[in-house]
Amino acid sequence: MEPRIFKFGTPYEEMYKSLAATPDDAAFFIRNGVLQLCRRGAAVKVRVYAVPAMNALLLAKIKFDKLKTKLKRGAAVKIAPQRWQDTPNNAVAKHDVVIAFEERIYDAVVEDLQTREPTEDFAPIHVICLDTKDNPHEAQLQGRVALELCWLLEKEAAVLMERAPAIVDAFQKERMTHTPIKVLYQLCYL
């Protein structure tokens, strides 16, 4: 099957429709996990598009209640993939922590932050990389790992500037015993 390439800004719902256009397409993209990732990122309503064979596959693969829960969670997420570099300074500066899941993306984010014009507040942004293999299974596992790290950082929000490096270091040492992952950390200012 030919790869499907979508530009940044293409809504997840549009991607989903394209990937599930025929029963064969839907079956293929369900098997390799792409359709589930697309659905998770989308603000898709709780409905499955009118492809009868796909409905049977989806309902057999995921209980409908779980599907509804995942779609409701997805509704709170962005409509389409976004390019970091296109995000204006004032929007980026609102974040205390940025987590990347691939080292090259982490490097690009750090480089981008270092080349941007500083904002009036010149606030710290903690950039973290949880290097993850690019597949649905690893993405799901690392999503949980990232959530754990976010909870730890959130507990120390009042003193994040001082405590973040130690939290990330302790987290990496602890996680390396369970899930060997490469963790990178950089403090940037914007």
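Starting from 1, each residue takes its place in the sequence as its number.
- The structure places CG of Leu130 at 10.5 Å from CD of Glu148, a figure rounded to the nearest 0.5 Å.
- Heavy-atom contacts from other residues, nucleotides or ligands closer than 6.0 Å to CD of Glu111 number 12 or fewer.
- A donor-acceptor pair under 3.5 Å is formed between the side chain of Asn89 and the backbone N or O of Glu117.
- Judged by distance alone, the side chain of Tyr106 and the main-chain N or O of Tyr185 form a donor-acceptor pair under 3.5 Å.
- Note on Leu187 and Trp84: separate hydrophobic clusters, where clusters join Ile, Leu, Val, Met, Phe, Trp and Tyr whose side-chain heavy atoms are under 4.5 Å apart, directly or indirectly.
- In this structure, Arg83 contributes its side chain and Phe8 its backbone to no donor-acceptor pair below 3.5 Å.
- Heavy-atom minimum distance, Ile125 versus Ala93: CD1-CA, 4.4 Å.
- Gln172 is not listed as a side-chain neighbour of Val168, based on a closest heavy-atom distance of 4.5 Å or more.
- Going from atom CG of Asp121 over to atom CG of Asn90 covers 11.0 Å, rounded to the nearest 0.5 Å.
- Residues Phe29 and Leu19 approach most closely at CD1-O, 3.2 Å, considering heavy atoms.
- Side-chain contact check for Leu153 versus His126: every heavy-atom pair is 4.5 Å or farther apart.
- Counting only heavy atoms from C-beta outward, the side chains of Ser18 and Thr10 never approach each other to under 4.5 Å.
- Counting non-hydrogen atoms of neighbouring residues, nucleotides and ligands closer than 6.0 angstrom, the CD atom of Glu162 exceeds 12 such neighbours.
- In the hydrophobic cluster analysis, where Ile, Leu, Val, Met, Phe, Trp and Tyr join through side-chain heavy atoms closer than 4.5 angstrom, Ile99 is grouped together with Leu152.
- Put simply, Ile30 and Phe6 are part of the same group of oily side chains (I, L, V, M, F, W, Y) that touch within less than 4.5 Å, one to the next.
- You'll find the side chain of Leu160 reaches within 4.5 Å of the side chain of Val97, heavy atoms only.
- Counting heavy atoms from C-beta outward, Asp131 and Gln142 have side chains that stay 4.5 Å or more apart.
- Cluster membership check: Met161 shares its hydrophobic cluster with Phe171, using side-chain heavy-atom separations under 4.5 Å among Ile, Leu, Val, Met, Phe, Trp and Tyr.
- Around atom CD of Gln85, more than 12 heavy atoms belonging to other residues, nucleotides or ligands sit under 6.0 Å away.
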Working note: Arg144 + Leu147, criterion side chain to side chain contact (heavy atoms under 4.5 Å, CB included); need CA distance, chi angles, decisive distance, verdict.
CA-CA 5 Å; Arg144 289 186 191 124; Leu147 187 57; 5.5 Å; no
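- Annotation: the span from Ile105 atom CD1 to Cys129 atom SG amounts to 9.0 Å, rounded to 0.5 Å.
- Follow the hydrophobic side-chain contacts under 4.5 Å out from Val109 and you reach Leu190 in the same cluster.
- No side-chain heavy atom of Ile128 sits less than 4.5 Å from a side-chain heavy atom of Leu184.
- At least one side-chain heavy atom of Val92 sits less than 4.5 Å from a side-chain heavy atom of Leu113.
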